[in-house]
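Report on the structure given below.
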There are 2 protein chains.
Amino acid sequence: MSATATQTTILDAGEELFAEAGFAATSLRELTARAGANLAAVSYHFGSKEGLAIAVLKRRMDPINAERRARLDALPAQPSVEAIVRAFVEPLLRPGVVHDAAPVQPGSGFCRLVGRLMVEQPPFLRDFLAAQFRELGWRFCGALQRALPDCDAATLWWRLHFLVGAIAHTLQNAATLRHLTDDLCRDDDVDAVVEQLVQFAASGMQSKAPAPPARRRRTETLG
Amino acid sequence: MSATATQTTILDAGEELFAEAGFAATSLRELTARAGANLAAVSYHFGSKEGLAIAVLKRRMDPINAERRARLDALPAQPSVEAIVRAFVEPLLRPGVVHDAAPVQPGSGFCRLVGRLMVEQPPFLRDFLAAQFRELGWRFCGALQRALPDCDAATLWWRLHFLVGAIAHTLQNAATLRHLTDDLCRDDDVDAVVEQLVQFAASGMQSKAPAPPARRRRTETLG
DNA sequence: GATGCGGTCAAACATACGTTTGAATGTCGT
DNA sequence: ACGACATTCAAACGTATGTTTGACCGCATC
């Protein structure tokens with residue numbers, strides 16, 4: 001059964017509004033109003049608000065992660081670190097991913113949505129997001145380790161994690177940065193932003209692994 | 001007029017719960033129950049829920065940014081990039097900042113709160129956060145530019161922005177990473193995490209500035 | 001010991017939320 | 001043309017929210 005027009009407009013509106021204000025702060029009345037749909041349509045088609053959020057994510061995340069996998073597999077035998085980073089970053093930030101008739105634009109709601117939900121991580125999404133990312137993370141970590149044999153896996157995982165944070169924050173707050181810098185940093189040139197990010201992350205990845213600190217601080221979790 | 005005990009316990013509870021679930025998803029009833037205070041106390045002492053959120057942030061952010069400024073001023077004449085990055089990262093991630101009788105612990109609510117609200121950025125907080133960060137950002141950008149004369153200011157601002165994203169994501173989702181990597185990446189050794197972050201960011205900062213892309217993509221904002 | 005006042009409290013307020021209901025509407029195959 | 005099924009709709013449901021109210025308490029001060 002293919003998605004009806006109503007389902008699509010609701011998914012689009014969810015993408016936009018969840019990205020804009022977050023999951024908890026978005027009401028279904030506002031959402032269905034923007035979608036031009038009836039309030040009850042959300043429950044009818046997606047079961048609940050949470051079900052809608054998962055559907056919104058799933059619609060885009062699956063193709064993006066598939067493209068990441070494909071680009072990882074398409075790399076040469078001895079890929080540069082930059083090429084690996086690029087395979088991770090570009091499928092998310094650049095257009096090209098299509099679902100139904102709505103291609104993902106670089107500035108579209110979904111980009112910001114990922115930035116938002118990746119960090120907001122409502123409890124009901126944690127397992128879903130972790131499951132989405134686990135296998136892919138290990139694959140990229142493995143590729144990086146082959147390119148950087150001096151780095152342990154933990155260090156590379158941390159750096160992948162930092163990269164995800166940088167991506168998420170950029171996706172969501174690029175406009176803030178622009179405002180903060182009096183338009184010095186423009187967010188309307190996607191290619192330039194991608195290059196900045198790839199350059200920064202590729203260089204960070206190739207840093208030498210830090211030596212474990214001499215004394216261990218008493219056990220405290222960081223978050 | 002100094003803060004009463006009630007105000008302090010409410011601020012503490014706000015720190016914890018806003019960090020845990022975000023601003024919109026936290027109810028004042030849950031919050032005041034945890035604080036052992038009456039529901040009406042929030043309106044009485046802070047005016048509103050939004051007023052409370054600002055007070056929670058302000059209590060910690062002012063001393064942390066002051067310490068960042070102090071450490072920046074205390075750097076030698078020709079500081080290394082790593083030293084500058086460290087002056088930015090450590091005041092936020094390491095303990096030592098004290099307000100009233102409650103020191104900021106590395107795993108305390110506030111660390112995660114910053115990670116959360118830095119990215120959630122409810123509309124009413126945007127101007128507040130931007131004002132907090134603007135002057136500090138320019139100072140760090142200036143210091144970086146003196147250490148990296150080949151980099152333009154925009155590139156360094158972007159990298160500072162990436163660093164903020166990496167910090168925020170780490171503060172908030174370190175536990176997720178731990179789970180994702182089957183305990184390979186531990187979040188209970190704060191020193192090690194700080195070293196990972198500093199190492200990664202310092203190296204990323206020193207990357208050569210990317211050449212501006214040949215053709216400009218049509219105007220689209222990224223977020 | 002009366003008065004004023006900052007602080008606390010239980011209760012109520014109006015509103016907004018996510019979800020459900022049951023009737024109405026459209027759209028197929030036959 | 002008709003029955004069946006999927007979809008839409010306005011309305012209502014129960015609950016939870018942020019905020020306000022007005023009585024009450026503990027102390028200082030006069």
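Just so it is clear: chains get the letters A, B, ... in the order the sequence lines come, proteins before strands, and each one is counted from 1.
Contacts of B:Asp127 classified as side chain to side chain donor-acceptor pair (under 3.5 Å), with partners at least two apart in sequence or in another chain: none. Legend: residues meeting ring pair (Phe, Tyr, Trp, His ring centres under 6.0 Å) with A:Phe18, ordered by chain and number and at least two apart, are A:Phe23.
Going from atom CZ of A:Phe46 over to atom C1' of C:dT19 covers 16 Å, rounded to whole Å. Rounded to whole Å, atom P of C:dT19 lies 12 Å from atom CG of A:Leu31. The distance between atom CG of A:Leu52 and atom P of C:dC17, rounded to the nearest whole Å, is 15 Å.
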Heavy-atom protein contacts under 4.0 Å, nucleotides 12-25 of chain D, coded B base, S sugar-phosphate only, - none: B----BBBBB----
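A salt bridge links A:Arg139 with A:Glu135: the distance from a Lys NZ or Arg NE/NH1/NH2 to an Asp or Glu carboxylate oxygen falls below 4.0 Å. Salt bridge present: A:Arg59 and A:Asp12 bring a charged side-chain N and a carboxylate O closer than 4.0 Å. A salt bridge is defined here as a Lys NZ or Arg NE, NH1 or NH2 lying under 4.0 Å from an Asp or Glu carboxylate O, and B:Asp62 with B:Lys58 meets this definition.
Considering only side-chain N and O atoms, B:His45 lies nowhere under 4.0 angstrom from the phosphate OP1 or OP2 of C:dG6. For D:dT8, one of the phosphate oxygens OP1 or OP2 lies less than 4.0 angstrom from a side-chain nitrogen or oxygen of A:Thr6.
Applying the 6.0 Å contact sphere to NE2 of B:His179 captures no more than 12 heavy atoms from other residues, nucleotides or ligands.
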